[in-house]
Number of protein chains: 4
Amino acid sequence: MPPSVPDPARRNERSHRAILEATVELVAELGYEQVSVEAIAKRAGVGKQTIYRWWPSKGAVALEALDDRLRTAPGGGSSGSWPDTGDIVEDLRVQMYGVSELFTSREVGPLYQGLIAAAQCDPALSRAHLDQLIEPASVACRARLALAKERGEIRADADVQTLIDMLWGALYYRLLLHTRPLDLAQIDLSLDIVFRGLRDA
Amino acid sequence: MPPSVPDPARRNERSHRAILEATVELVAELGYEQVSVEAIAKRAGVGKQTIYRWWPSKGAVALEALDDRLRTAPGGGSSGSWPDTGDIVEDLRVQMYGVSELFTSREVGPLYQGLIAAAQCDPALSRAHLDQLIEPASVACRARLALAKERGEIRADADVQTLIDMLWGALYYRLLLHTRPLDLAQIDLSLDIVFRGLRDA
Amino acid sequence: MPPSVPDPARRNERSHRAILEATVELVAELGYEQVSVEAIAKRAGVGKQTIYRWWPSKGAVALEALDDRLRTAPGGGSSGSWPDTGDIVEDLRVQMYGVSELFTSREVGPLYQGLIAAAQCDPALSRAHLDQLIEPASVACRARLALAKERGEIRADADVQTLIDMLWGALYYRLLLHTRPLDLAQIDLSLDIVFRGLRDA
Amino acid sequence: MPPSVPDPARRNERSHRAILEATVELVAELGYEQVSVEAIAKRAGVGKQTIYRWWPSKGAVALEALDDRLRTAPGGGSSGSWPDTGDIVEDLRVQMYGVSELFTSREVGPLYQGLIAAAQCDPALSRAHLDQLIEPASVACRARLALAKERGEIRADADVQTLIDMLWGALYYRLLLHTRPLDLAQIDLSLDIVFRGLRDA
DNA sequence: CTATAAACGAGACGGTACGTCGCGTCTTGTC
DNA sequence: GACAAGACGCGACGTACCGTCTCGTTTATAG
């Protein structure tokens, strides 16, 4: 056992939490790139080694910090239980509104942008991002859409995954490309476009 | 005038080109983050100062290198002249196929991912990216869609910008999130979804 | 009594010995500086705290380890009983030969060099070194020289301490400066020089 | 040329000197071990890399700093030109007095002790120490002693190197072992002992 | 057809952060 | 309560690049 994985049972939870919180605070204050592991350690009152002992990189800390924030956000980070009012468009709208709000928040927005940027050159981080954030949300969304299909709200031959890619893609497009600010009206417009033709005649 | 803007007329075009090409090569070989300005200078056989004289950052070099590659690519980087076969869906498909091909190419893909990542924390670079790449393409696409609207291929009340955001958003979503590889079939599926309801009844 | 001196009666002698032996082994293998307290603990199969409980520093462990080796060496580390053959030069030669042998041994040489080096910046360690090693040997040597003086082997006005400093100084000079290897012939030469004029005419 | 030795012609002499002086100051203030390369860099107003570019280790900096101090000290660090009054004992005394003064000075003493300590575990440093400090001084001393031998001040069969080892050994012994403070009277005593028998009857 | 000023290659510089190592202390069971 | 194990806060290590700053050396007009 050369890397000699540390024992999670002996982990100092006080330090653990301090690191996650320092990360969120600093990224909100300075921006993702401007935050160094050293700065996180200093702010958290922690040794640098304690960060490197439990995470492989700044990106991994950011991911857990983000995950932590989403988990404690209303709606469980849009990944937990999806609403089912019987109206799929309405339910999608509510979820997308929630995500849009998070994306534009001072704490989550820059953190998430930085995380996705870091993941471009870090396959392990990208994997973790997909597994911990994207895939759970995607699963829940697909389940809700499958329900809508059974009920005939959506045409039986519609490709649900492509539908998700477009709706969420539009949000990420604005988050990452900064063409124009995220805005709720455009969520309505996008839902309008895709659902005009998806309902069975 | 102490900093004194350098004189473009006296610029060494040999070095200029060598820098752009070294950048493309190195990013393709090592990945965006792993490439340093020092490495580009060394590979190009150029002094570091020559890079900093003409560009403000590695990202700016990458943007010009990318722009250069796109300009010499078939289709003029999808920004120049859009085709007009009379069938808007077919024309969009052709353009999106082209972009998809670029995104998956060994040279352009990683370079563009890295560029977008760098732009997350560099507003000037983000601005330049929008102005030089995104906006021209968007303008051309909007023009082609306006034509389609005039011809009644698209409903008069459809929001053209949101349409673009969704279609391109789906592509960028897969480019940047790495949920699944870019693939032409999904372009067809996405066009299918959005155009079912956009045609006037 | 928060720090509360540990109770020597409850000391684990097995661990005690393992630490001293691990220290000697590791220093012989890797050199003094390359050996860390952590490495000693690991090699001895002992917790780090067990070392810090009984010694104030690595140097202190090294001193005890060295002392332990010398005590079990022939001649009692040249500090115990000095020979008295009636010929002071011969007796000095025998003692110096013994020390020279220890200085050039794989186990004692590097350990002692490292110890003296560490003592340069650690007054407590220096003090302990003098008290435990240097002074006892010096006392015994002075006693033997006093005997020689009484017998008229040495001039009555000779300064015995300076004599010791020169003879031993020459040995330490070569041990610590590495000008040339320690060698028995030079011991003979040095004895020859100092005793030519010390005998009463 | 992988390590790519830097070009001495382009060296910043201002930084060079600042580093040597910061080293001397800091060692005098804090002691050798307590001085880190980082502290030297900070005090000298220099990047750490500038130190590592020109020296392999803290010890090497210390050696040059020491050499620099000795070179500018009266007597050229006892290595340059030896006096020749015609009386070898007197000339040796003068030189040893000078060295003794340096050894007890606040600037040179701790620096030299630390250097010798560091050299115990750094063969390259030890080599450099011998070549730059010890050997030149030794050569000059041997030359003066050879002269004395020619003149019959010293017996023809005396081993000059051993003589040097003893005289200087006694000084280093007190410098490094701290048995008692260096003191001029003991220099006289040691000269007295060795020269009683070295003069031709 | 110089000469002169600029852009150039090379790379040393003052810095910042990296990820690692070892320090000496603290914590958690086990014997 | 001493012990093995090892996480902790800390601080220095030696490295990699950053962006700036000299250095000569081309080089390409302007006199």
Side-chain angles (χ1 to χ4, degrees), chain A residues 4 6-12 14-16 33-39 41-42 44-54 56-58, chain B residues 3-4 6-12 14-16 34-42 44-54 56-58, chain C residues 3-4 6-12 14-16 18 33-39 41-42 44-54 56-58, chain D residues 4 6-12 14-16 18 33-39 41-42 44-54 56-58:
Chain A
S4 168
D7 176 358
R10 307 194 47 177
R11 185 165 191 176
N12 183 335
R14 180 185 209 66
S15 298
H16 186 172
E33 284 286 5
Q34 281 64 49
V35 173
S36 63
V37 173
E38 299 206 302
K42 177 148 299 187
V46 136
K48 240 195 314 182
Q49 191 61 57
T50 299
I51 296 181
Y52 285 111
R53 183 173 301 120
W54 301 107
S57 63
K58 181 176 79 168
Chain B
S4 128
D7 177 357
R10 306 196 52 170
R11 183 165 191 180
N12 183 335
R14 179 186 209 66
S15 297
H16 186 172
Q34 281 64 49
V35 173
S36 63
V37 173
E38 301 208 300
I40 294 173
K42 181 139 299 187
V46 136
K48 255 200 299 183
Q49 192 59 57
T50 300
I51 295 180
Y52 285 111
R53 190 173 358 252
W54 302 106
S57 64
K58 180 176 81 169
Chain C
S4 128
D7 177 358
R10 306 196 51 171
R11 184 164 191 180
N12 182 336
R14 179 187 209 66
S15 296
H16 187 173
E33 285 285 8
Q34 281 63 50
V35 173
S36 64
V37 173
E38 302 209 300
K42 181 139 300 187
V46 137
K48 253 199 302 182
Q49 189 61 253
T50 299
I51 295 180
Y52 285 110
R53 196 181 343 262
W54 301 106
S57 65
K58 180 176 80 169
Chain D
S4 169
D7 176 358
R10 306 193 48 178
R11 186 164 190 178
N12 184 335
R14 179 185 210 66
S15 298
H16 185 173
E33 284 286 6
Q34 281 63 49
V35 173
S36 64
V37 173
E38 297 206 303
K42 178 149 295 186
V46 137
K48 239 194 317 180
Q49 190 60 55
T50 299
I51 296 181
Y52 286 111
R53 196 183 338 267
W54 300 107
S57 64
K58 182 176 78 167

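Chain letters run A, B, ... following the sequence lines, proteins first, then strands; residues in each count from 1.
- The nearest pair of heavy atoms linking G47(A) to A41(A) is C-CB, 4.2 Å.
- Atoms CG (D7(D)) and C1' (dG9(E)) sit 14 Å apart, rounded to a whole Å.
- Rounded to whole Å, the distance from CD1 on I51(B) to P on dA7(E) is 17 Å.
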Would you tabulate the nitrogen or oxygen pairs shorter than 3.5 Å linking the protein to nucleotides 28-31 of chain E?
none

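- An OP1 or OP2 oxygen of dC3(F) is reached within less than 4.0 angstrom by no side-chain nitrogen or oxygen of S15(C).
- Computed from coordinates, the E33(C) CD to dA12(F) P distance equals 16 Å when rounded to whole Å.
- Distance CH2 (W54(A)) to P (dG6(F)): 12 Å, rounded to an integer number of Å.
- Residues P6(D) and P8(D) come closest through the heavy atom pair O-CD, 3.3 Å.
- Remark: P of dA2(F) and CZ of R11(C) are 11 Å apart, rounded to the nearest angstrom.
- Here the closest non-hydrogen pair linking I51(D) and V37(D) is CD1-O, 3.9 Å.
- Here the C1' atom of nucleotide dG14(E) and the CZ atom of R14(D) are 13 Å apart, to the nearest Å.
- Residues passing the side-chain hydrogen bond (donor to acceptor under 3.5 Å, both in side chains) test with Q49(A): none are found, sequence neighbours excluded.
- Each of R53(B) and K42(B) has a nearest nucleotide on DNA chain E; the 5'-most of these lies closest to R53(B).
- Closest heavy-atom contact between W54(A) and D7(A): CH2-O, 3.6 Å.
- Within a 6.0 Å radius of CZ in R11(B), other residues, nucleotides and ligands contribute more than 12 heavy atoms.
- The two residues V35(B) and K58(B) make their nearest non-hydrogen contact at O-NZ, 2.8 Å.
- Heavy-atom neighbours of R53(D) CZ from other residues, nucleotides or ligands within 6.0 Å: above the threshold of 12.
- Between the CG atom of N12(A) and the P atom of dC26(E) there is a distance of 14 Å, rounded to whole Å.
- The phosphate of dG14(E) has OP1 or OP2 within less than 4.0 Å of a side-chain N or O from T50(D).
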Readout for nucleotides 19-25 of chain E: B = base within 4.0 Å of protein heavy atom, S = sugar-phosphate only, - = neither; 5' to 3' it is BBBSSBB
